[in-house]
Amino acid sequence: MADLSQIVKAYDVRGVVPDQWDETTAELFGAAFVRVTRASAIVVGHDMRPSSPGLVRAFGRGAAGQGADVTEIGLCSTDELYFASGKLGLPGAMFTASHNPAQYNGIKMCRAGATPVGEETGLAEIRSLVQQWSDAGGAPASDKPQGTVTERNMLEEYAAHLHSLVDLSDIRTLKVVVDAGNGMGGLTVPFVLAGLPVELHEMYFELDGTFPNHEANPLDPKNLVDLQQRVREVGADIGLAFDGDADRCFVVDENGDLVSPSAITALVASRELAKEPGATVIHNLITSWSVPEVIRESGGLPVRTRVGHSFIKQEMARTGAIFGGEHSAHYYFRDFWNADTGMLAALHVLAALGRQEGPLSQLVSRYDRYASSGEINSTVEDQFNRTAAVKASFAGREGVSIDELDGLTVTGVNWWFNLRPSNTEPLLRLNVEARDAAAVERLRDEVLAIVRAEGETTTAV
């Protein structure tokens, strides 16, 4: 088993907090979280950001002050916090800003069993209480006895649970490069891969919330360059890149080429459906056409949903789905309390790769069937009117259908595109897919010409 003390030796705990909130506010959030969830006990964890330890301790004080017993699991990935919430049956709070730069921090909250806390399921109420109590100078005293705060390391239990879900004992030895981006993968990966037939090549495993090598955001291609180069240099079978809180995993093949998260979704779906034929699998509306195709070919029922973890998790619970995937490399498993875990998805890919002799590029080719644009972000002054202009241009064309489940999705015989507004920035996000690259380029340029009209500007991510 990996040596925890060696993994965290470079972790520098400093008494700093983000610019926009502080430990006083974190304490109010802890108190409000207990009030809204009506919890008698909670579990909390945090990532490697310098501000995280102080914030999580303050959150724990606020929760204990409202009578809740607090279990601190310390440094962890977000999916380990979800595991703890599910295993212990407790509401949980994870302090992390995921892939965002070092000066940011935040909280991901869930109810017992890793059920999400969203805007309509408690978040708005928590925020309202925090504002109310902040204006009043603090949270009201509780009539319950002061709660306790205890520490518990759950990393080995987390790894054991993952191993119980995917058997890698009989795979061929794989040469695997992992870029942890100085994030929490540097803690979890050695524990999860320990004892498996894997030759591990580590990159940026030192926990450092200042991200000295590159941002822990594999969605941005520039942050994959080091991994791709190392894979080619050492002749690896596969490369894995985790984001800051290690709940997302991106995959590159033996050539250093990025494997589409849609292809990973289809691959994992086929494996899960082999265990439970006829089960439901969730996919969001910007995953490739190949995803529902593979689900049907594997005997499953595909269900399409909006983009975002709260929508995916709601549909997972409603339908009893065995698995769900998003093109952003979030992967959700029924056997992981419907929560997302990139680590479990990575184990599925290793298992599939290790049981065949061909390279990863050959394995995933059966799941990667179409050309796509990737996500293109356009800065616009009026998201609504730009979207309406695109809709008007395509409405009424022969063979074209339009739906507005999430933004605008326009589908033709051999292509589709989705145009969605950002909830936090003045952006429109465009994804295009077609039978071939030339069709993607034509459609992309046609849509962007409308989106960029009247001096709008566009940048690709």
Side-chain angles (χ1 to χ4, degrees), residues 78-79 82 98-99 114 116 162 165-166 218-219 238 240-243 246-252 258-276 278-353 360 363-370 372 374-375 405-406 409 416 418 420 429 431 433:
T78 290
D79 65 323
Y82 292 150
S98 186
H99 58 277
L162 295 179
L165 300 177
V166 181
L219 190 61
I238 186 174
L240 305 174
F242 290 88
D243 65 348
D247 62 348
R248 288 188 297 159
C249 181
F250 288 74
V251 179
V252 302
L258 177 65
V259 178
S260 163
S262 285
I264 299 299
T265 296
L267 184 158
V268 176
S270 69
R271 288 177 51 82
E272 290 286 75
L273 287 166
K275 296 188 297 184
E276 192 172 317
T280 297
V281 175
I282 307 297
H283 66 97
N284 74 24
L285 52 72
I286 62 171
T287 55
S288 170
W289 265 343
S290 64
V291 174
E293 288 176 359
V294 169
I295 293 169
R296 293 189 185 97
E297 291 164 8
S298 302
L301 175 65
V303 173
R304 177 174 176 263
T305 187
R306 296 180 62 182
V307 175
H309 75 98
S310 61
F311 302 112
I312 294 284
K313 290 177 180 177
Q314 287 170 13
E315 284 298 285
M316 292 279 289
R318 184 185 70 81
T319 63
I322 193 172
F323 173 65
E326 295 196 90
H327 197 64
S328 56
H330 283 285
Y331 306 106
Y332 307 79
F333 295 83
R334 185 189 63 194
D335 293 338
F336 202 80
W337 298 277
N338 291 337
D340 45 321
T341 165
M343 188 70 74
L344 183 52
L347 293 183
H348 273 284
V349 177
L350 294 177
L353 177 60
L360 181 59
L363 172 64
V364 300
S365 64
R366 71 191 71 165
Y367 305 112
D368 198 2
R369 305 172 177 180
Y370 302 93
S372 63
E375 188 160 277
L405 174 65
D406 190 354
T409 301
W416 63 268
N418 174 265
R420 296 165 25 253
R429 307 188 191 280
N431 285 271
E433 183 173 79

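None of these values were measured; they are calculated from a predicted model.
No side-chain heavy atom of Tyr331 sits less than 4.5 Å from a side-chain heavy atom of Val268. With a 4.5 Å cut-off on side-chain heavy atoms, Val294 and His283 do not count as touching. No side-chain heavy atom of Leu301 sits less than 4.5 Å from a side-chain heavy atom of Val281. Between Phe250 and Leu219, the closest side-chain pair of non-hydrogen atoms falls below 4.5 Å. Within the 4.5 Å cutoff, side-chain heavy atoms of Phe323 are placed close to those of Thr265. The side-chain heavy atoms of Arg306 and Gln314, taken from C-beta on, include no pair separated by under 4.5 Å. No side-chain heavy atom of His330 sits less than 4.5 Å from a side-chain heavy atom of Asn284. When side chains are defined from C-beta on, Asp368 does not count as touching Val259, because their heavy atoms never get closer than 4.5 Å.
Within the 3.5 Å criterion, the main-chain N or O of Ser328 finds a donor-acceptor partner in the side chain of Arg248. Between the side chain of Glu326 and the main chain of Gly308, a donor-acceptor pair closer than 3.5 Å is present. The closest donor-acceptor contact from the side chain of Ser262 to the backbone of Ser288 lies under 3.5 Å. The backbone N or O of Val303 sits nowhere less than 3.5 Å from a side-chain atom of Glu315 that would complete a donor-acceptor pair. Without hydrogens or angle criteria, Asp406 side chain to Ile286 main chain gives no donor-acceptor distance under 3.5 Å.
The nearest pair of heavy atoms linking Leu258 to Val252 is CA-CG1, 4.0 Å. The two atoms that bring Tyr367 and Ser270 nearest to each other are OH-OG, 3.4 Å, heavy atoms only. Here the closest non-hydrogen pair linking Pro302 and Ile295 is N-CG2, 3.6 Å. Between Ile282 and Ala321 the shortest heavy-atom distance is CG1-CB, 3.6 Å. In terms of heavy-atom proximity, Ile312 sits nearest to Tyr332 at CG2-CD1, 3.4 Å. The two residues Gly324 and Met316 have their closest heavy-atom pair at N-SD, 3.7 Å.
The distance from atom CD of Glu375 to atom NE2 of His327, rounded to the nearest 0.5 Å, is 8.0 Å. Atom OG1 of residue Thr319 and atom CG of residue Asn338 lie 8.0 Å apart, to the nearest 0.5 angstrom. Atom OG1 in Thr409 sits 4.5 Å away from atom CG in Leu285 (nearest 0.5 Å). Considering CG of Leu350 and CG of Leu360, their distance stands at 9.5 Å, rounded to 0.5 Å.
At a threshold of 4.0 Å, the pair Arg366-Glu297 does not count as salt-bridged, since none of the basic side-chain nitrogens sits closer than that to a carboxylate oxygen.
Figure legend: Lys313 and Tyr82 shown as a cation-pi pair, the cationic atom lying under 6.0 angstrom from the six-membered ring centre and within 45 degrees of its axis.
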May I have the list of side-chain donor-acceptor pairs in residues 341-348 shorter than 3.5 Å, sequence neighbours left out?
residue : atom : partner : partner atom : Å
Thr341  : OG1  : Asp79   : OD2          : 2.7
Thr341  : OG1  : Met343  : N            : 3.4
Thr341  : OG1  : Leu344  : N            : 3.2
His348  : ND1  : Arg271  : NE           : 2.9

